[in-house]
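Encoded as structure tokens, the structure appears first; notes follow it.
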Protein chains: 2
Amino acid sequence: MGISERKEREREEMKEMITTAAMKMFLEDGYAKTSIRNIADSIEYSPGTIYLYYKDKDELLYEVQRQAYLKLLEAFKAAVTLQDPLEKLGQLGKAYVKFGLENPELYDLMFIIRAPTNVDEQLHVDNGLDAFGFLIEILEGCMKENLLVFKDIHLGALQVWSMVHGLVSLNIRCRLKIMIEDEKDTPMVLNRAVEEYLNSIRA
Amino acid sequence: MGISERKEREREEMKEMITTAAMKMFLEDGYAKTSIRNIADSIEYSPGTIYLYYKDKDELLYEVQRQAYLKLLEAFKAAVTLQDPLEKLGQLGKAYVKFGLENPELYDLMFIIRAPTNVDEQLHVDNGLDAFGFLIEILEGCMKENLLVFKDIHLGALQVWSMVHGLVSLNIRCRLKIMIEDEKDTPMVLNRAVEEYLNSIRA
DNA sequence: GCATTTACTGAACACTGTTCATTACATTTG
DNA sequence: CAAATGTAATGAACAGTGTTCAGTAAATGC
């Protein structure tokens, strides 16, 4: 039965076509301003068709988020090249901030905006697991050699992630203007903040 | 001319009536799900009337945010009672997390959601200035006595605020489930995270 | 070749933020 | 006091939204 396999393939291609268009438009105009009709127009299908492939607009967001988490993990892997656990952590922190600065709209989609209808939010747990696991592994590497002040690894991960997420998300929501006068200094200032923080948690 | 004064007073009362209803509904159902028609219904006026007092829905959000920043500053002032600068900073950090945990919807309105139409976001700078100034003052108190590792006060403020905002906002967006198994432990864990962090930045 | 399944359409529904001609009322003027 | 003016409020209308679903057209199975 080659036909059902081809149909399955075509279905996947169609789903990808939709998410690709959705991703593009979410990043250009933001999630809220992108309508199902706009997405349908851009791929030259009728609005109803999209609902044959995705339950609602939220599910489209979740799919885009899933891809974004993969992209984040790839950025992590590409950035962390050294062997020393502490250096690894430094590279990871800077890669996180870099990712948030270079892809503000994507970061927004991943961690800041909320899907309006669905309040469940269980999906994120699974979606972000790989990228988060990468952080945990590096932290474990540091803590095995007693290089950090943390006693509990989960509490350490919570702190590290909160710091970098705080830096990135406050910047994206323009809450840093009070502290950073010249906007073009932002990457430098955020990097220094990460560096200083990592210095302060060294054992 | 007592009439024009009465009219001005009535206008202010009307504006307050609208923002009070808006605040209530924003907190109950969220900004996105609250419609101008719903607000108008709840105060028994027609939708058009609201536009005689506020330019658009965003301006209603900004007004609610302004009030929320005042509320945050009051929470700060009530929480910070001790004299020692470091103790003050500890009280402030815990008050921030407490505020975010007890008023998640309000915190969302203040720091996380984005007004869809307006992208300006200049207002926040002025709106949050008082509450932020409070943090700066306490930090200055610490740094005058060389109690912290920070060399630059702005970089220190950036770090401290990013940490507490990171903790609160990741929690609100349900991104902490990976690290905190039992949800009822959240306040305890976040407080410990703040404590540990403040310990690590002590000189 | 015909019946059935599948993919797609686009009108329709109930909503949204916002505008504006019209109305009802309060105030000022003659 | 009555007429003219100014102001506050209305609610229908506009262009948009997410979502559904009866109807259609094409591909598949027999």
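Chain letters run A, B, ... following the sequence lines, proteins first, then strands; residues in each count from 1.
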Checklist entry - Salt bridge check: are B:D108 and A:R114 linked by an N-O gap of less than 4.0 Å? => result yes
Checklist outcome for this item: Under a 4.0 Å heavy-atom cutoff, the residues of residues 34-47 of chain A touching DNA chain C are A:R37, A:Y45, A:S46
Next on the checklist: Whole angstroms only, please: what is the NZ-P distance between A:K33 and D:dA15?
Outcome noted: 20 Å
Checklist outcome for this item: B:M14 CE to D:dT10 C1', in whole Å, measures 12 Å
Next on the checklist: Can you confirm whether the side chains of B:D56 and B:Y62 place a donor and an acceptor under 3.5 Å from each other?
Outcome noted: no
Item to check | Interatomic distance, A:L52 CG vs C:dC8 P [rounded to whole Å] | outcome: 7 Å
Checklist entry - Any side-chain N or O of A:Y53 under 4.0 Å from OP1/OP2 of C:dC8? => result yes
Next on the checklist: Applying ring-ring contact (aromatic ring centres under 6.0 Å, His included) as the test, list every pair that has at least one member in residues 170-192 of chain A; sequence neighbours left out.
Outcome noted: none
Checklist entry - Expressed in angstrom and rounded to an integer, what is the separation of A:D56 atom CG from D:dT20 atom P? => result 8 Å
Next on the checklist: Any carboxylate oxygen within less than 4.0 angstrom of a Lys/Arg side-chain nitrogen, looking at B:E12 and B:R9?
Outcome noted: no
Checklist entry - So, is B:R6 close to the C:dT27 phosphate, meaning a side-chain N or O under 4.0 Å from OP1 or OP2? => result yes
Next on the checklist: How many whole angstroms separate atom NZ of B:K55 from atom P of C:dT18?
Outcome noted: 8 Å
Item to check | Aromatic A:F134 / basic A:K88 pairing, under 6.0 angstrom, 45° off normal | outcome: no
Item to check | Per B:K7 side chain, nearest of listed nucleotides D:dT10, C:dG17, D:dT7 | outcome: D:dT7
Item to check | Set of ring pair (Phe, Tyr, Trp, His ring centres under 6.0 Å) partners for A:Y197, sequence neighbours left out | outcome: B:Y197
Item to check | A:Y51 OH to D:dT19 P, straight-line distance once rounded to whole Å | outcome: 3 Å
Item to check | Among B:Y96, B:Y107, B:F99, ring pair (Phe, Tyr, Trp, His ring centres under 6.0 Å) partner for B:H165 | outcome: B:Y107
Item to check | d(CD1, B:I50; P, D:dG11) in whole Å | outcome: 14 Å
Checklist entry - Whole Å only: how far is the CG atom of B:L61 from the P atom of C:dG17? => result 13 Å
